[in-house]
Amino acid sequence: MFSQEYNLEVLLPDTPTGWTTEGELKFYNTETLYDYIDGGAELYISFNMDSVISRLFINNKGSEIRVEIFDMQKDKDAFGVFAHTRTTDEHEFGQGSQYFTGAQIFWKGPYFISVVANDENADIKKAIKAISENIDRKITASGNTPQILEILPQEGLLKDGYVYFHHYIWLNSYYFISAENILNIDESTDAVLAKYGTKESRFYLLLIQYPEKEDAEQAEKAFSDAFSNNLEDDDFFSENKTEKSMGWQTKENYFFAVFNAESDLQVDDLLTKVENNIK
Amino acid sequence: MTTKKISRRKLIKDTTAATFGAALFLNSPIRLFGHSSENLTKVVLIRNKSILNSEGEANKEVLQTMLNEAIVKLTNANNAQEAWKKILTKDDILGIKTNVWNKLRTPVELEQVIKENALQVGISEDNIGIDDRGIRDNPVFKKSTALINVRPMRTHAWSGVGSLLKNYIMFVDRPSAYHSDSCADLAAIWKLDNRIEKTRLNILVMLTPLFHGVGPHHFNKQFTWKYNGLIVGFDPVAVDSVGLKIIEAKRTVHFGEETPLNPPAKHIPLADARHKLGTADPAKINLLRLGDNEDILI
């Protein structure tokens with residue numbers, strides 16, 4: 001149940017002043033997580049979660065704060081879960097964090113941490129901050145973001161506008177590409193989807209690293225076949241009829257594609273930059 | 001390097017075609033659902049700004065009025081009493097399939113409104129059950145002749161949205177058996193035990209929908225908004241499809257650019273294209289709007 005480096009329990013925060021623990025400490029693994037998170041378990045399992053510990057704090061005003069520490073086993077998967085949710089990295093805790101109303105999330109090393117209250121007020125915000133700082137201090141490990149991110153061209157890349165994954169379900173995180181796993185994304189692949197340009201003129205880069213060059217070429221063929229159908233323009237997912245450019249290529253064991261670009265030139269430019277970044 | 005000029009619509013079409021086949025979104029429901037004279041599937045969206053008080057609680061009287069107006073429109077009845085009698089009979093054994101997820105549950109007031117109308121039709125109280133997670137053991141549900149399906153729409157970490165289609169997952173022994181491929185085949189549940197035939201009405205609660213989820217429990221009040229609406233219809237696929245469009249539109253407004261659901265709510269189009277359960281294509285839905293139009297998003 002526990003990672004080699006840490007026992008999850010020792011990472012739990014001290015009880016904030018004015019709060020008490022409520023109920024039993026709870027542990028879940030991939031088999032039992034379904035009982036705990038109604039409908040959300042698959043997200044964590046798709047990023048190779050090993051186990052999670054959960055503790056509830058309450059105060060005498062009826063407020064609750066639920067702390068969850070997920071052992072994702074690998075740094076890149078802790079980052080992946082975090083990036084899946086964050087819209088902007090505020091860098092306040094751990095190696096990346098974001099605060100939402102009454103909720104703090106962050107990642108550090110192989111851990112993803114969620115501190116969520118049932119409400120928001122000054123007391124709650126203070127306690128969430130204290131809890132987050134405490135956990136942050138207790139996790140001494142530091143992790144690395146996925147190596148594939150280093151290939152992303154920086155020019156035009158939206159700050160924090162990228163997600164990392166290795167399950168095909170997350171292929172459409174920013175832009176609808178396919179409802180099916182046409183690119184054979186699985187445990188053995190690393191993938192990143194990134195936003196470029198502006199809100200008014202957004203285009204997207206998909207980059208996938210396969211185990212072997214042959215895998216990338218096979219994916220390229222399947223992708224190319226999927227886009228060679230000669231069907232009538234008639235669907236209901238989108239009303240947008242604007243013609244856009246897309247393009248794709250492979251290099252070594254990488255497949256990469258640009259979607260929704262304003263022109264072929266824009267496609268070529270980004271593909272070339274990716275190609276140059278692949279050593 | 002391969003480049004290709006392609007329209008957004010063509011892109012989506014191409015990448016779905018391989019699986020869905022040429023009959024994509026062709027409407028061939030297993031029964032007729034409230035079709036209008038133009039052979040479109042009828043769905044009613046009703047909104048009322050006074051439905052929620054400052055605490056966010058639903059006003060039961062307003063709910064009653066909204067629901068009655070919606071079903072009168074849906075059934076082409078002269079009044080609410082007549083409309084309910086087109087939906088239920090006094091001999092029915094009625095299961096009201098609600099949703100009790102504690103962060104955004106079906107309003108109790110709405111459950112009661114439905115029950116009171118069923119009593120008005122003449123169904124005995126013993127033959128009316130309201131349940132969610134206990135439906136498999138509920139004696140009323142076990143012998144039910146009629147079902148009314150009512151739940152709020154919310155984004156969902158794995159299925160894209162929690163929908164009317166998804167609300168029937170509690171009928172199965174092992175819900176996780178329907179989780180593969182982001183719950184793509186939830187519609188199959190509706191074909192078991194005559195559930196589609198038994199379902200007399202579908203009500204998608206859009207009072208304060210969740211349009212984006214964060215954290216392990218996928219809920220944050222920051223990502224709900226007062227839409228003040230109910231979507232009502234006979235066809236669960238069509239009602240879900242309308243709700244989905246509103247959620248997608250809200251995401252675009254909130255994030256300032258098109259922000260697709262992640263993952264896509266593929267179980268809704270597949271309920272049409274693969275399972276022929278109903279109509280998902282908005283072009284084949286006759287959406288009737290009642291009440292407030294401001295920020296209607298569809």
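Throughout, protein chains are lettered first and strands after them, A, B, ... in sequence-line order, and every chain is numbered starting at 1.
- B/E258 contributes atom CD, which lies 11.0 Å from atom CZ of A/F176 (distance to the nearest 0.5 angstrom).
- Using cut-offs of 30° and 60° on the angle between ring planes, the pair B/W158 and A/H167 is perpendicular.
- Of the inter-residue distances, the one linking A/S178 atom OG with B/K266 atom NZ reads 7.5 Å to the nearest 0.5 angstrom.
- Taking OH of A/Y168 as the reference point, atom OG of B/S182 lies at 6.0 Å (rounded to 0.5 Å).
- Both the backbone and the side chain of A/Y36 come within contact range of chain B, with heavy atoms under 4.5 Å apart.
- For B/P260 against A/Y175, the heavy-atom pair with the smallest separation is CG-N, 3.5 Å.
- Going from atom CD1 of A/I45 over to atom NE2 of B/H179 covers 10.0 Å, rounded to the nearest 0.5 Å.
- Residue B/Q222 qualifies as enclosed at atom CD: its count of foreign heavy atoms under 6.0 Å is above 12.
- Atoms OG1 and NZ, from B/T259 and A/K195 in turn, are 5.5 Å apart once rounded to the nearest 0.5 Å.
- The environment of A/K251 atom NZ is dense: over 12 non-hydrogen atoms of other residues, nucleotides or ligands sit within 6.0 angstrom.
- Proximity to chain A is absent for every atom of B/L244, based on heavy atoms less than 4.5 angstrom apart.
- Chain B forms the most heavy-atom pairs under 4.5 Å with one residue out of A/I169, A/T87, A/L43, and that residue is A/I169.
- A/F70 is listed as a side-chain neighbour of B/P216, based on a closest heavy-atom distance under 4.5 Å.
- For A/K199 (side chain) and B/F255 (main-chain N/O), a donor-acceptor pair under 3.5 Å exists by modelled atom type.
- The CG atom of B/N262 sits 5.0 Å away from the NE2 atom of A/H84 when rounded to the nearest 0.5 Å.
- Per-residue heavy-atom pair counts under 4.5 Å with chain B were compared for A/Y44, A/F112, A/F256, and the maximum is reached by A/Y44.
- Proximity to chain B involves both the backbone and the side chain of A/E42, based on heavy atoms less than 4.5 angstrom apart.
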For this session: Evaluate the side-chain contact (heavy atoms from CB on, under 4.5 Å) criterion for residues A/E180 and B/D181: first the C-alpha distance (whole Å), next the side-chain angles of each, then the deciding distance (0.1 Å), finally the verdict.
Result: CA-CA 9 Å; A/E180 307 302 325; B/D181 196 16; 4.3 Å; yes
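- The existence of a salt bridge linking A/E120 and B/K221 is excluded, since no basic side-chain nitrogen approaches an acidic carboxylate oxygen closer than 4.0 Å.
- With a 4.5 angstrom heavy-atom cutoff, A/F100 touches chain B via backbone and side-chain atoms both.
- With a threshold of 4.5 angstrom between heavy atoms, B/H218 does not approach chain A through any atom at all.
- In this structure a side-chain-to-backbone donor-acceptor pair under 3.5 Å is present from B/N220 to A/T101.
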